[in-house]
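Heads up: the structure comes next, in structure tokens.
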Amino acid sequence: MPDFNDHNKVLELLKSAQEADTDNRERVREAHLFLDKRDGQWEPYIWNALDQRPRYTFDLSNPIVDQIAGEMDQADFDIKVKPAGGDATKDIAQTFDGLIRNIENISNAPMVFGAAGRSMVAGGMDGWRIVQKFVDGNSFDQDLVIEKISNFVDRVWFDPNSEKQDRSDAKYCFVLQGIGKDEYHERWPEGSGMSVDEDRFGEAYFNKPDLIMVGEFYYIKEVERELVLMSNGQVLEVDDDFDSVVDELAQLQITEVKRRKRKKNLVFIRTFDAGGWLEEHKETVFSFVPVIPTYGNFKVFENKTIYWGAVEKIIDAQRVLNYSMSREIEEGALAPRAKYWMTEDQAAGHEAELSTLNTNSDPVQFYNHDPNIPGAPQQNGGAQINPGLRTISEAMRQVIS
């Protein structure tokens, strides 16, 4: 088990988690930039090469995300607690059911789940976490709250050895958070002010707030506990209150049958930056890391966890569509307009009407007969657009849909 008190070792664990998932995260970032950034649906070098030329975007990708996310929003997702063995009863199940509904209500859970679901559909991953919060500023009572984690793709890094889709087998997890410099120095005046690495290799946006990235390190610590089986089938844990409970049960003729020792998980959290620890570790009420991811197309293959969203497989088709249709428009706009070709004798005396041929609504256009050019003047020329471009555009529409 790693030494979770060693700051340098914890930074190594973060780096290891980032290296194990950096390729997946780059694809997630690409999908989000593809949907959200103004020129995201163009390959950068083509976008730059076509400067001062038509570069139009015919977005068929966001509507696909809208449709899937909309169907998810309309679905009735709910947690149902059912009794199953041991001391479980319907009354206890209903109590837990009510507690869970209360947590969802005070957390505005549908909004959290909906936002995470939409992001997962787009890029392949997102999630939220469960936190302990005081009921209000004047209370010592705490509630559990479902909390959205902004920019999940850059800020949440799981134990790379975990393989379950909900990461319930993770031994640790990092949640990074950006904090303004003034707030940082107010909270941790002795802090180094050094940001934790987000594992990004480029910046797509500018004019952003100047933040210091700090990390919250969740880790599981195993402690040994002793369990006692009573004659009525009840299982108790030996702790400070055990003796008083045993005395009460003894009066009811309920006695100890046997004991055994078992490991118990406790989750701790500690805040740090790149220079050192910012706070001491704190014990939480959780037995599992309370950070819940949601993945699209999740699988483990060749000992590698992979996932992707609905957008990744249509990026190329969308970019080809934008290029081919922009070329169609460009060729149509630059092609010479169709014109009537005639001799000067045919046009003589009708110049005024002919000059407004494209704008007037006259039902008849007169011309002079020229024996050297029999027949009426003929229209020639007009846009000649490459039919291959239209074929490509239609093919890409079929691929995307």
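Residues take their numbers from the sequence shown, with the count starting at 1. Predicted, not measured: the structure shown is a model, and the values here were computed from it.
- Put simply, the side chain of C173 reaches to within 4.5 Å of the side chain of V156, judged on heavy atoms.
- Using the six-membered ring where Trp is involved, Y295 and Y307 have ring planes that are tilted, between 30° and 60° apart.
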### Query
Taking it one step at a time, do E328 and R390 satisfy side chain to side chain contact (heavy atoms under 4.5 Å, CB included)?
CA-CA 7 Å; E328 281 190 66; R390 177 54 56 86; 2.6 Å; yes
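- Counted by atom type alone, D126 and T294 present zero donor-acceptor pairs between their side chains at under 3.5 Å.
- To the nearest 0.5 Å, the span separating NE2 on H7 from CG on D3 amounts to 12.5 Å.
- Expressed to the nearest 0.5 Å, how far CD of Q177 lies from CG of N151 amounts to 12.0 Å.
- D199 and T22 form a side-chain donor-acceptor contact under 3.5 Å, judged by distance and modelled atom types alone.
- At least one side-chain heavy atom of Y205 sits less than 4.5 Å from a side-chain heavy atom of L33.
- Side-chain polar atoms of D345 and T343 form no donor-acceptor pair below 3.5 angstrom.
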Output a table of donor-acceptor pairs, distance under 3.5 Å, between side-chain atoms of residues 106-113 and any protein atom two or more places apart or on a different chain; print 'none' if there are none.
unit_1 : atom_1 : unit_2 : atom_2 : d
S107   : OG     : I103   : O      : 2.6
S107   : OG     : I146   : N      : 2.8

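- A side-chain donor-acceptor contact under 3.5 Å links E351 to the backbone of G349.
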### Message
Quick one, E226 with R259, criterion salt bridge (charged side-chain N to carboxylate O under 4.0 Å, His left out). Give me CA distance, side-chain angles, the key distance, then yes/no.
### Response
CA-CA 7 Å; E226 191 171 17; R259 295 188 177 205; 3.5 Å; yes
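- Side chains of W341 and P377 form no contact here, defined as non-hydrogen atoms less than 4.5 Å apart.
- The closest side-chain heavy-atom distance from F286 to L144 is below 4.5 Å.
- Other residues, nucleotides and ligands place no more than 12 heavy atoms under 6.0 Å from the CD atom of E186.
- Around the NZ atom of K304, the shell of radius 6.0 Å holds more than 12 heavy atoms that belong to other residues, nucleotides or ligands.
- Judged purely by distance below 3.5 Å, without hydrogens or angles, the side chains of D159 and Y219 never pair a donor atom with an acceptor atom.
- When only modelled atom types and interatomic distance are considered, Y323 and R319 share no side-chain donor-acceptor pair under 3.5 Å.
- Under a 3.5 Å cut-off, the side chain of D154 and the backbone N or O of E198 do not form any donor-acceptor pair.
- Judged purely by atom type and a 3.5 angstrom limit, S326 uses its side chain to pair as donor or acceptor with the backbone of N322.
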### Task
Apply side chain to side chain contact (heavy atoms under 4.5 Å, CB included) to the pair W277 and R270, showing each step before the final yes or no.
CA-CA 8 Å; W277 297 112; R270 195 171 188 184; 3.4 Å; yes
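- Ion pairing of D197 with K15 is absent here, as no side-chain N (NZ or NE/NH1/NH2) approaches a carboxylate O to less than 4.0 Å.
- With sequence neighbours left out, the ring-ring contact (aromatic ring centres under 6.0 Å, His included) criterion links F152 to no other residue.
- In this structure, Y218 has its ring center at least 6.0 angstrom away from the ring center of F268.
- Defined by atom type and a distance below 3.5 Å, a donor-acceptor pair is missing between the side-chain atoms of E216 and T271.
- For the pair R27 and W308, the cation-pi test (distance below 6.0 Å, angle within 45°) is failed.
- Counting non-hydrogen atoms of other residues, nucleotides and ligands closer than 6.0 Å to CD of E224 gives a total above 12.
- Between the side chain of N360 and the backbone N or O of D362 there is at least one donor-acceptor pair closer than 3.5 Å.
- A donor-acceptor pair under 3.5 Å is formed between the side chain of S324 and the backbone N or O of V320.
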### Task
Go through the steps to decide whether R55 and E43 satisfy the test salt bridge (charged side-chain N to carboxylate O under 4.0 Å, His left out), and finish with yes or no.
CA-CA 11 Å; R55 301 177 298 186; E43 292 175 281; over 6 Å; no
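- Taking a 6.0 Å sphere around CZ of F4, one finds it holds more than 12 heavy atoms contributed by other residues, nucleotides or ligands.
- In terms of modelled atom types and a separation under 3.5 Å, the side chain of Q318 and the main chain of F58 share a donor-acceptor contact.
- Seen from the ring of W157, R25 counts as a face-on cation partner, given the 6.0 Å and 45° thresholds.
- F34 CZ to D39 CG: the interatomic distance, rounded to the nearest 0.5 Å, is 11.5 Å.
- Within a 6.0 Å sphere centred on CG of D182, other residues, nucleotides and ligands contribute 12 heavy atoms or fewer.
- Heavy-atom neighbours of K82 NZ from other residues, nucleotides or ligands within 6.0 Å: at or below the threshold of 12.
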